[in-house]
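What follows is a short report on a single structure.
First the proteins, then the strands, lettered A, B, ... as listed; each starts at 1. The structure displayed is predicted, hence computed values, not measured ones.
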Amino acid sequence: MTIKGTTTTAARPLVEVGNVSKWFGPLMALNDISLEIGPGITGLIGPNGAGKTTLLKLLTGQSKPSLGNVQICGHDAWLSKAKAHVGYCPYGDATWDELSGRRLVQVTAGLHGFTGDEAKRRTEAVLETVGMVDRANRPVHTYSKGMRQRIKLGQALIHDPDLLVLDEPLNGVDPVGREELNELFQRLANAGKAVLISSHILNEMDELANHILFVCRGKLLASGSLETIREVLDDYPLKVRVSCGSPRQVAPQLMALESVKSVSVEPPEDLFLEVQNPNRFYAEFGEFATADDIQLSRLKATDTSAEAVFDYLMERAARPE
Amino acid sequence: MDSQPNISRFAACLQVFRLTLRRQFFSRQTIVIGVLLFLALAITIVWAVPKPWNPEPRTGEQLAEQILSPLFMGFLLPLISLGYASSTISGERTGQTLVYLLSTSIPRPQIYLSQFSAVLLLTMGITLGCLGTLCVTVGMDGVAVLREFAPVVTLATVCYVALFLLFSAWLRRATFLALAYALMIETLTANIPGVVKRITVSFYANSWLYDDSPLDLAPNANLPPYEPVSGGIAVAVLLAASIGFLALGMWLFSRKEYE
Amino acid sequence: MSESNSDNESVIQHKAWFAAWPIARTAMHLVFRRKLFWVLFALALLSFLFMFGAIYLLATLRQQYPQVEQFITGMLKDLDGSGTTFLNFMVAQGTVTMILLAFAGSVLAGNDHSRGGLIFYLSRRINVVHYAAGKLLAIGLIISLTTTLPALVLFIEYGLLGDTGTYFGEKYPIFFGILGYGALLSLAVGLLLFALVSWMPKPVPLVMLWGGLFVFLPILSRILTFAMRKPGMRRRDAMEESPWRLLDFWNDLYIVGNKFFGVDKPLFTGAAVVVCAVCIISALAIVVRLRQLQHQS
């Protein structure tokens, strides 16, 4: 069962993936995935090994689907016509390390067919965009991880692509850098570009993406706007730890809340709750904590990791409709 | 940025060519090749200098027989070719930088052709330069030898580069297969009677050298039977093999999915 | 208390030497799972199969046509079952062993050095010497797979297909000769390979340098031997006696290896000095490089 939201745009989408499956020998990396991506920021989320990179490789024409088809701006993604519309920032750190940052971006401009002044103009513009102008003359092998990410992003932007595919672009970037790059992604999206960002960190995409694609074990579990996904997550059973002075007294009162499924006491002062609907639970718990004279020292959700959410979605997908 | 870029496919291919040339030339293999060439030249000079017990200057035929055939044709030529050609695509692959070339809008066969041109230019420059330098050590006699060897070395280099680049497009560890080919197949089959030796590049290169040469380059009749083909056939086979390897490499590179 | 600590240290140090085997086993596993290794190994076994068949054929001829057998062994000294038979077989394995080692060296040690895998080993209770011992053991075992082990099989075959009791009774020193020469090859070539891989982990330059040592230098050595030959000296004598032959390291090992089979060759002292010098320089190069890498990581 795939949860579908409102990913499709009125105009023809930039990316159309139709019933794509991909095998690597006996391993099924992608299983009958169909999706469309239009302008704006799309987050591709899944735990490690979910099939995100395989999907990105299909979109960027690095590999071919075993079944189905991938179209970029109406062209088969494997063909060079499609690649003219795509900018790709791969996951690894590898680049042509012996070159300087400026030279690397300029070489990429050359690889896209830009020459002379046009190549130089684009190089400077891109370096400005990614905030690397002042450090661009250093060889890439002297760069930190964050600086490498920026230069890699620069080379992906050099030909002004309609679709920007970024494989974990915030990996290794410091918080200030993240903020800057997120603003850049937002600017590109506002300019009508499609920006596809893969990540295994749910919170990273929370603020950034307009659309989310959940992938797990090769399957597309959910796709759509954040609102749609959140509605899905409201059914997600959350585990919460509450610390208070007298857990044995508080436990029956918490059990009375509608959203709480079970309570277990962990002496000396912890309670573990399993709640059915997190949004409702937080509302009820707020009222509960202010209404009664209870001393609570801590409230913490213990399994909000992306993997736990994906496990839930996977389990949900396996249920009969 | 402009949304209507004025791009040139030729310029893009030229960039692949320049990038490949630069990356291959500024590499450790160039240092190793430099050391080997220096040693080869030094030994050739020692060999060529008249000795008190042998004051006669060396002849072109001696140069061809004692230096060029075993040292240059038998080792340096295939080694220089494999050093550059086998590391071109497989090197980008193991260094995880091939993705940057493959995600451009240049069609894959054109990327392959550009890389082939770059490696060929580099290898040809080094092999012909080395051949010329070795030949001049024996003076004017060497110029005649150079005239005999240069076209053979040129075509053999094209063939080796096309073959080893094909290995490179095919396998991640192409260098080892190329080494096994260059040092085992080429050497061992040369001494086997019959037609097995005809699978090697060196057989046709040597056949061309032996055929109709003003220098007496053919091997001694007492040595294992070489049974060369005619010069015309040798040239035709080397040309056909080069084109065949190149076409096969382009086809393979354009279809293969690289991790 | 301090005495007890020192005892513990000594036990830990002693146990660390046992880590060499798991390191070697893991390294060999890394090599064995590559298809290319098996292709090269199959090439290496070709001459073994040829020799195996030839020995069988000779044994059959010895029974059915003794004169033909005598004629053949008279022509082909390499098949007379003496120490030379097995020594020459091990020497003939040189080219393919060299190619196999270039590949194995790049996989089992080169990757550690170029991709920072060394720190994984050194984060355990072992130091660079234990690590190097493990890798050298792996290289030595791979060399043995293509040289010592097939030579032993041929020796046993030769004995079993003939007058078994007499052959093994008289020729048993050959068994130790094969083991001794195998150990020399494993140690000297292993050290040299590991030193080169440590300083040049990338496969292409490694292959070229390795090819330079085992193909280029022998060619140069032959050119110089003939070029510097005194008038009247026969080519065969020059090949045996010219000091320029010492440039060929595989030949140096062959000269020293003859001693294990009770044969004295000219240039023995020079060859022994070259082999010892290569081993010592290689060992120093390995230690210096590993310490350097250890500090970098």
Decide side-chain contact (heavy atoms from CB on, under 4.5 Å) for A:Trp96 and B:Glu92; before the verdict, give the C-alpha distance in whole Å, the side-chain angles of both, and the deciding distance to 0.1 Å.
CA-CA 9 Å; A:Trp96 294 303; B:Glu92 297 277 0; 3.1 Å; yes
Side chain / backbone / both / neither for B:Ser254 at chain A, heavy atoms under 4.5 Å
backbone
Interface residues of residues 17-30 of chain A facing chain B - heavy atom cut-off under 4.5 Å:
A:Lys22
Value rounded to 0.5 Å, distance of OG in B:Ser103 from NZ in A:Lys57:
11.5 Å
If you apply the rule side-chain contact (heavy atoms from CB on, under 4.5 Å), what do you find for B:Gln96 with A:Tyr91, and how did you get there?
CA-CA 10 Å; B:Gln96 296 176 343; A:Tyr91 174 71; over 6 Å; no
Got a second to check how far B:Leu19's CG is from A:Leu99's CG, nearest 0.5 Å?
6.5 Å
Are A:Glu98 and B:Arg22 within salt-bridge range, i.e. N to O under 4.0 Å?
no
In terms of heavy-atom contacts, does NZ of A:Lys64 have more than 12 from other residues, nucleotides or ligands at under 6.0 Å?
yes
With chain B, the option among A:Gln62, A:Gln155, A:Lys81 that has the most non-hydrogen atom pairs under 4.5 Å is A:Gln62
Got more than 12 heavy atoms from elsewhere within 6.0 Å of NZ, A:Lys120?
no
Can you check whether B:Pro107's main-chain N or O pairs, donor with acceptor, with A:Lys83's side chain at less than 3.5 Å?
no
Given a strict heavy-atom distance threshold of 4.5 Å, which part of A:Lys152 is in contact with chain B: side chain, backbone, both, or neither?
side chain
Would the number of heavy atoms belonging to other residues, nucleotides or ligands and lying under 6.0 Å from CZ of B:Arg255 be above 12?
no
Shortest non-hydrogen separation from A:Ala94 to B:Gly95 and the atoms involved:
CB-O, 3.1 Å
With only heavy atoms counted, which part of B:Leu102 is less than 4.5 Å from chain A, the side chain, the backbone, both or neither?
both
Shortest non-hydrogen separation from A:Ser80 to B:Ile106 and the atoms involved
CB-C, 4.3 Å
Chain B shares the most heavy-atom pairs under 4.5 Å, among A:Ala82, A:Pro90, A:Gly92, A:Gly61, with A:Pro90
Restricting to side-chain contact (heavy atoms from CB on, under 4.5 Å), what partner residues turn up for B:Ile43, sequence neighbours left out?
C:Leu220, C:Ile223, C:Leu224
When you look at CG of A:Asn137, are more than 12 heavy atoms from neighbouring residues, nucleotides or ligands closer to it than 6.0 Å?
yes
For chain B, which of A:Val165, A:Asp162, A:Thr53, A:Thr95 has the most heavy-atom pairs under 4.5 Å?
A:Thr95
Surrounding OH of B:Tyr258 (heavy atoms of other residues, nucleotides or ligands, distance under 6.0 Å), is the total greater than 12?
yes
Output for pair (B:Cys13 SG, A:Leu111 CG), nearest 0.5 Å, gives 9.5 Å
